[in-house]
Amino acid sequence: PIGDLLERASQRSDRLHALSTMLSQELDSHFPPIGRVIMPRPAMCHTSSLQTPNDKEQALQVSESDLLSLARSLLQAWADPLLLLSTSANTLPHPGQSRISNKIQELREQSKSLGDGLDILSGKMGPDARAVSLLPYRGGSDLGQDKISRLINFNFLLSCFRRDSHKIDSFLKVLSCRAAKTNPQMC
Amino acid sequence: SLPGKPALTRCRSPEKETFTCWWEPGSDGGLPTTYALYYRKENSETVHECPDYRTAGKNSCFFNKNDTSIWVNYNITVVATNSLGSTFSDPVDVDVVYIVKPNPPEKVAVTVLEDKGWPFLRVSWEPPHKADTRSGWITLIYELRVKLEKEDEWEVHLAGQQKMFNIFSLRSGGTYLIQVRCKPDHGFWSEWSSTSYTEVPDYFQRERSV
Amino acid sequence: SLPGKPALTRCRSPEKETFTCWWEPGSDGGLPTTYALYYRKENSETVHECPDYRTAGKNSCFFNKNDTSIWVNYNITVVATNSLGSTFSDPVDVDVVYIVKPNPPEKVAVTVLEDKGWPFLRVSWEPPHKADTRSGWITLIYELRVKLEKEDEWEVHLAGQQKMFNIFSLRSGGTYLIQVRCKPDHGFWSEWSSTSYTEVPDYFQRERSV
C-alpha cells in the first residue's frame with residue numbers, strides 16, 4: 001500500500017535531513033562563534049532553478065504526483081555532489097574530519113535507499129510522478145585548491161543539501177498525511 | 001552620542017507559516033532613539049522594512065503568512081537612529097524552517113485507571129491548534145513529565161508522535177502534576193503546557209494492611 | 001529418495017537495515033543433500049541466490065545492508081537437492097518492516113528506594129542503541145519481569161513506552177533478578193536483557209518484630 005511506503009519514505013527523509021543538520025553543526029563547531037564570518041554563499045544552489053512551493057498554501061495545492069516528482073528531482077540532483085562531498089571530506093581541513101567523513105557516507109547510503117523507495121513509489125503513482133527535472137551539478141570535480149575555499153565550498157554545498165533535504169522531507173510528509181487514511185492518528 | 005549598537009537576539013516561528021524577530025536595543029546615547037528593522041531576501045536586492053512592529057510587542061517585528069516564505073534566507077538588520085545618526089546591528093541570516101518553536105500542546109487530560117489492581121495515569125493531549133499537523137505541514141513529537149506535588153524531581157517520558165501516554169510508575173497516593181511539551185521534527189522544544197493535577201487514591205496503604 | 005520438503009521457518013531483522021532467514025531441512029532421503037535459498041523481489045522477475053550462507057550460521061541466509069530493501073516484498077524459496085533431484089519449500093513473502101525483532105534494551109539499572117518506610121525497586125534502561133528512536137518515529141514498548149532468586153515464578157509488568165518503572169510489590173528481603181525486553185509497533189519481542197541483580201534488605205522482619 002502506498003500509504004505504508006510513503007510513511008517509510010518520510011521516516012528516511014526525516015533521518016536524511018537530521019543527518020545533514022548534525023553535519024552542519026559539526027562543521028560550524030570549528031568556526032569560532034565570536035568572529036564567525038557569515039559564510040559567503042559563492043553562488044546559488046545548483047537546484048535553485050527548480051520551482052518549488054515556498055509556503056504552506058502553495059505546497060498544499062501541489063498534486064501528489066508533482067510533489068513526488070519534485071522530491072525525486074531534488075534527490076537525484078544530489079547523487080554527484082554527495083559523491084564530491086564524500087571524496088572531499090577525506091582531506092577536509094577540519095578537526096572533526098573523520099566524523100564528517102562517516103556521516104557523509106551514511107548520508108549517501110540513506111539517500112540511495114530513499115531514492116530506491118521513491119523510484120518504486122513513482123511506479124505506483126502514475127506517469128506524472130515519474131517525471132524528473134534534470135538539475136546537473138556544474139561545480140566541477142573538486143572544491144578548490146586552498147584550505148579556506150575548500151571549507152567554504154564544502155560548507156556551502158552542505159547548506160544547499162540541508163535545505164533540499166528539508167524540502168524533500170516536507171513534501172513526503174505532506175504526501176504521507178494525504179495518504180494516511182490508514183493511520184490518521186499520525187497526522 | 002550616537003545610539004549604541006542594537007542586536008537581533010531571536011527569531012521564532014510557531015508553525016512554519018509566520019515568524020517574529022526580537023532585538024535588544026543598545027544604549028540610547030542620551031537622545032531619543034528610534035528603531036527600525038530591514039530585511040532582504042536571498043537572491044533579491046530589494047530591501048524591505050518590517051511589515052508589523054506592533055503585533056508581537058516591543059522591540060519586535062512580526063511577519064504574517066504573506067510576508068513569510070520558507071527555504072529562502074532573510075538577511076535581517078536592525079537600525080537605531082537618533083538626532084546624531086544611525087547605528088546598524090550585525091546582519092543575521094534566517095531561514096524560517098530552522099527557527100520553528102511550536103506553542104505548547106493543548107487540552108491535556110489525565111485519568112486514573114487500574115491495571116491488575118494497580119493505578120496508572122492515562123494522559124492525552126492535542127497539538128497546539130495553530131500547528132497544522134493534519135496536512136503534514138508540521139510533524140510533532142511529544143514529551144511529558146510527571147511528579148508528586150511534594151517532590152522536586154520530574155520524571156520525563158518521550159511519547160514519540162502519539163497523543164496519549166500511560167504512566168505506570170506511580171509511587172503512592174497523592175496529587176500528581178503533569179505537563180506536556182512538543183517539538184517539530186526539525187526545530188525547538190515548546191514551553192511546557194500548563195500543569196494538570198490529578199488525585200491518585202492511596203492504593204498502597206490498603207495493599208500493606210492485608 | 002528425493003529429499004524431503006524443506007520449510008522456511010523464520011526471518012528476522014534487528015533494525016530494518018539487514019535481515020536473516022532460517023530454514024528447517026526435510027528428510028535427506030538417505031542421500032547427501034544440499035540446500036540453497038532463492039529469492040525474487042516484488043515486481044521483478046530476476047531470481048537471486050542467497051548472498052551469504054555463513055554469517056548467521058547453519059541453515060540460514062544473511063542479507064546485508066545492500067541486499068536489504070524496505071520498499072519491496074521478498075518472495076523466498078528454499079531448495080533441497082540430492083542426486084535424485086530437488087524439492088522446493090513453499091514460497092514465503094517477507095516485508096522487512098514487519099519482521100523487526102530488536103536487540104534487547106541496554107544499560108538496565110536497578111536501585112532500591114524507599115517510600116514511607118517501604119522499599120521499592122526503580123528500574124531504568126535504554127533502548128537498544130541500533131534502534132533509531134531519536135526521531136520519535138520508531139516507538140518501542142517495554143516489558144520487565146522480576147523475581148526473587150530462590151523462586152521460579154517471574155512477575156511481569158508492562159511498562160508501555162516508559163524507560164523506567166517502579167516495582168512496589170516486594171514481598172521480602174533477598175536477591176531480586178530483573179530483566180527487560182522491548183518490541184516495536186510492527187514486530188516481535190526482543191530477547192530478555194541480561195539479568196540485573198539487586199539486594200533488598202530485610203525491612204519486613206524489622207517491621208513485624210517491632
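A note on names: the letters A, B, ... follow the listed sequences, proteins ahead of strands, and every chain is numbered from 1. Computed from a predicted model, the values in this text were never measured in an experiment.
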For salt bridge (charged side-chain N to carboxylate O under 4.0 Å, His left out), just list the numbers for B:D90 and B:K5, CA-CA rounded to whole Å, side-chain angles, deciding distance to a tenth of an Å, and then say yes or no.
-> CA-CA 9 Å; B:D90 294 333; B:K5 185 168 155 180; 2.7 Å; yes
Take B:T195 and B:Q179 through the test side chain to side chain donor-acceptor pair (under 3.5 Å) and record every step on the way to the result.
-> CA-CA 5 Å; B:T195 305; B:Q179 294 179 330; 2.8 Å; yes
Evaluate the salt bridge (charged side-chain N to carboxylate O under 4.0 Å, His left out) criterion for residues B:E17 and B:K130: first the C-alpha distance (whole Å), next the side-chain angles of each, then the deciding distance (0.1 Å), finally the verdict.
-> CA-CA 9 Å; B:E17 295 183 49; B:K130 268 197 197 164; over 6 Å; no
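Side-chain contact of B:T139 with A:K173: a donor-acceptor pair under 3.5 Å is absent, judged by distance alone. For the residue pair A:T21 / A:R162, a side-chain donor-acceptor distance below 3.5 Å is found, with atom types taken as modelled.
Contacts from residues 53-70 of chain A to chain B, taken as heavy-atom pairs separated by less than 4.5 Å, involve A:P53, A:N54, A:D55, A:K56, A:A59, A:L60 in sequence order. Contacts from residues 108-125 of chain A to chain B, taken as heavy-atom pairs separated by less than 4.5 Å, involve no residues at all.
Taking the six-membered ring for Trp, B:Y142 and B:F165 have ring centres at least 6.0 Å apart.
Disulfide criterion (SG-SG under 2.5 Å) for B:C61 and B:C21: not met.
Interface summary for chain A: among B:V96, B:T68, B:D132, the most heavy-atom pairs under 4.5 angstrom belong to B:D132.
Taking the ring centre of B:W22 as origin, the terminal cationic atom of B:R10 falls inside the region bounded by 6.0 Å and 45° from the ring axis.
Only the side chain of B:D95 has a heavy atom closer than 4.5 Å to any heavy atom of chain A. With a 4.5 angstrom heavy-atom cutoff, B:S69 touches chain A via backbone and side-chain atoms both.
The aromatic rings of A:H46 and A:Y137 lie perpendicular to each other, with more than 60° between the two planes, well past the 30° mark. Under the 30°/60° scheme for interplanar angles, the aromatic rings of A:F161 and A:W78 are found to stand perpendicular.
The closest donor-acceptor contact from the side chain of A:D14 to the backbone of A:H17 lies at 3.5 Å or more, if one exists at all.
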